[in-house]
Amino acid sequence: MEKTQSQYSKEYIVEALFALMKKENFTNISVADICKKAGVSRATYYRYFKTKKDVIIAFFRYNLERYLEAISKYDKRDYRNNTYEFFKNFKENEEQLIILEKNNLLYYYMECITLYFAKSYRQKFGDDKVELSYIYSGAVYNYSIWWLNTGFEKNIDEVVDDFIACFHINNNY
């Protein structure tokens with residue numbers, strides 16, 4: 001599927017913010033700086049984003065869409081492959097995650113995965129089990145950040161196996 005001008009503009013803005021955060025602290029970067037780096041007008045920026053936080057959230061939403069596309073080929077109960085795709089997607093964004101960590105912004109990652117898992121649990125169980133999504137999202141967040149901070153020393157298969165073992169999940173669930 002071919003991208004629209006709107007999709008390109010959003011991507012340029014996200015990429016510009018990350019490029020700027022390599023050298024400058026997030027709080028010191030202005031919207032004007034982002035627009036200049038992205039080659040877009042302020043009007044274009046504000047058409048898609050209200051705040052700099054929204055730009056980071058867009059980065060995580062884009063990656064969530066990529067993850068959902070990747071797992072669409074598996075059965076929903078195929079926890080190993082679904083978990084594998086999650087951690088694979090995470091690792092593919094190592095550079096951006098390191099930049100976010102350097103800028104003390106990884107809490108946006110936690111916020112995004114918490115919302116995603118809460119929505120998923122509500123769809124599957126209704127409101128009765130939504131509190132379990134907080135346990136799961138906390139585990140995903142903490143384990144993935146640990147993996148990032150160790151420089152991805154463990155290979156992805158070990159990470160997936162360890163994570164699944166913590167929840168005693170198997171494909172016969």
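Only heavy atoms go into these numbers, but all of them, side chains included; no hydrogens, no water, no symmetry mates. Index from 1, following the sequence.
- Contact check for Tyr143 versus Phe87: side-chain heavy atoms found under the 4.5 Å cut-off.
- Nearest heavy-atom pair across Cys35 and Ser41 is SG-O, 3.7 Å.
- At most 12 heavy atoms of other shown residues, nucleotides or ligands fall within 6.0 angstrom of atom CD in Glu69.
- Remark: Tyr141 pairs with Tyr109 by the ring-ring contact (aromatic ring centres under 6.0 Å, His included) rule, at least two apart or across chains.
- Around CZ of Arg66, the count of heavy atoms belonging to other residues, nucleotides or ligands within 6.0 Å exceeds 12.
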* Please lay out, stage by stage, how Lys91 and Leu148 fare under the test side-chain contact (heavy atoms from CB on, under 4.5 Å). => CA-CA 8 Å; Lys91 189 174 189 302; Leu148 172 70; over 6 Å; no
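- A salt bridge links Arg80 to Asp157: at least one charged side-chain nitrogen sits closer than 4.0 Å to a carboxylate oxygen.
- For the atom pair CG of Leu20 and CD of Glu15, the computed distance is 12.0 Å after rounding to the nearest 0.5 Å.
- Taking hydrophobic clusters as Ile, Leu, Val, Met, Phe, Trp and Tyr residues chained together by side-chain heavy-atom distances below 4.5 Å, Phe152 shares a cluster with Ile98.
- Under the 4.5 Å side-chain criterion, counting only non-hydrogen atoms from C-beta, Phe49 is not in contact with Val31.
- Between Tyr45 and Tyr12, the ring center distance fails the sub-6.0 Å criterion.
- Under the ring-ring contact (aromatic ring centres under 6.0 Å, His included) criterion, Tyr48 pairs with no residue at all, not counting sequence neighbours.
- For the atom pair OG (Ser144) and CE (Met110), the distance works out to 9.5 Å, reported to the nearest 0.5 Å.
- In Lys102, the NZ atom is crowded: over 12 heavy atoms of neighbouring residues, nucleotides or ligands sit closer than 6.0 Å.
- In this structure, CD1 in Ile164 is found 4.0 Å from OG1 in Thr83, a value given to the nearest 0.5 Å.
- Under the ring-ring contact (aromatic ring centres under 6.0 Å, His included) rule, Phe163 has a single partner from Trp147, Trp146, Phe90, Tyr136, which is Tyr136.
- Of the candidates Asn103, Val55, Asn93, Ile99, Ile99 is the only one forming a side chain to side chain contact (heavy atoms under 4.5 Å, CB included) with Phe18.
- Scanning for side chain to side chain contact (heavy atoms under 4.5 Å, CB included) contacts around Lys119 gives Gln123, with sequence neighbours left out.
- A donor-acceptor pair is defined here as one N or O able to donate and one able to accept, closer than 3.5 Å; no such pair exists between the side chain of Lys37 and the backbone of Ile13.
- A donor-acceptor pair is defined here as one N or O able to donate and one able to accept, closer than 3.5 Å; such a pair exists between the side chain of Asp54 and the backbone of Thr51.
- The shortest heavy-atom contact between Ser133 and Phe117 is CB-O, 3.4 Å.
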* **Verdict with reasoning, Ile71 to Asn81, per side-chain contact (heavy atoms from CB on, under 4.5 Å)** => CA-CA 7 Å; Ile71 66 169; Asn81 281 321; over 6 Å; no
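- Of all heavy-atom pairs between Lys52 and Ile29, the closest is NZ-O, 2.7 Å.
- With a 4.5 Å cut-off on side-chain heavy atoms, Arg61 and Ile57 count as touching.
- A pairwise comparison of heavy atoms in Ile145 and Leu106 identifies CD1-CD1, 3.6 Å as the closest pair.
- Side chain of Asp161 to backbone of Glu158: no donor-acceptor contact under 3.5 angstrom is found.
- Checked against Tyr67 for a ring-ring contact (aromatic ring centres under 6.0 Å, His included), the options Tyr74, Tyr62, Phe86 give a single hit: Phe86.
- Here the straight-line distance linking atom CG of Asp162 with atom NZ of Lys154 works out to 3.5 Å at 0.5 Å rounding.
- A centroid separation of 6.0 Å or more is found between the aromatic rings of Tyr79 and Phe167.
- Glu24 contributes no side-chain N or O that, together with a main-chain N or O of Met21, makes up a donor-acceptor pair within less than 3.5 Å.
- A heavy-atom distance below 4.5 Å is not found between the side chains of Val130 and Phe125.
- Under the salt bridge (charged side-chain N to carboxylate O under 4.0 Å, His left out) criterion, Arg42 pairs with no residue, sequence neighbours left out.
- Residue Tyr134 is not grouped with residue Tyr107 when hydrophobic side chains (ILVMFWY) are merged at heavy-atom distances under 4.5 angstrom, including chains of intermediate members.
- Annotation: side chain of Gln96 is not in contact with side chain of Asn63 (no heavy-atom distance under 4.5 Å).
- With sequence neighbours excluded, no residue forms a ring-ring contact (aromatic ring centres under 6.0 Å, His included) with Tyr116.
- Val14 places none of its side-chain heavy atoms less than 4.5 Å from the side chain of Lys10.
- In summary, the side chains of Asn25 and Asn28 do not present any donor paired with an acceptor at a separation below 3.5 Å, with no hydrogens or angles considered.
- Qualifying ring-ring contact (aromatic ring centres under 6.0 Å, His included) partners for Tyr84, counting only residues two or more places apart in sequence or in other chains: none.
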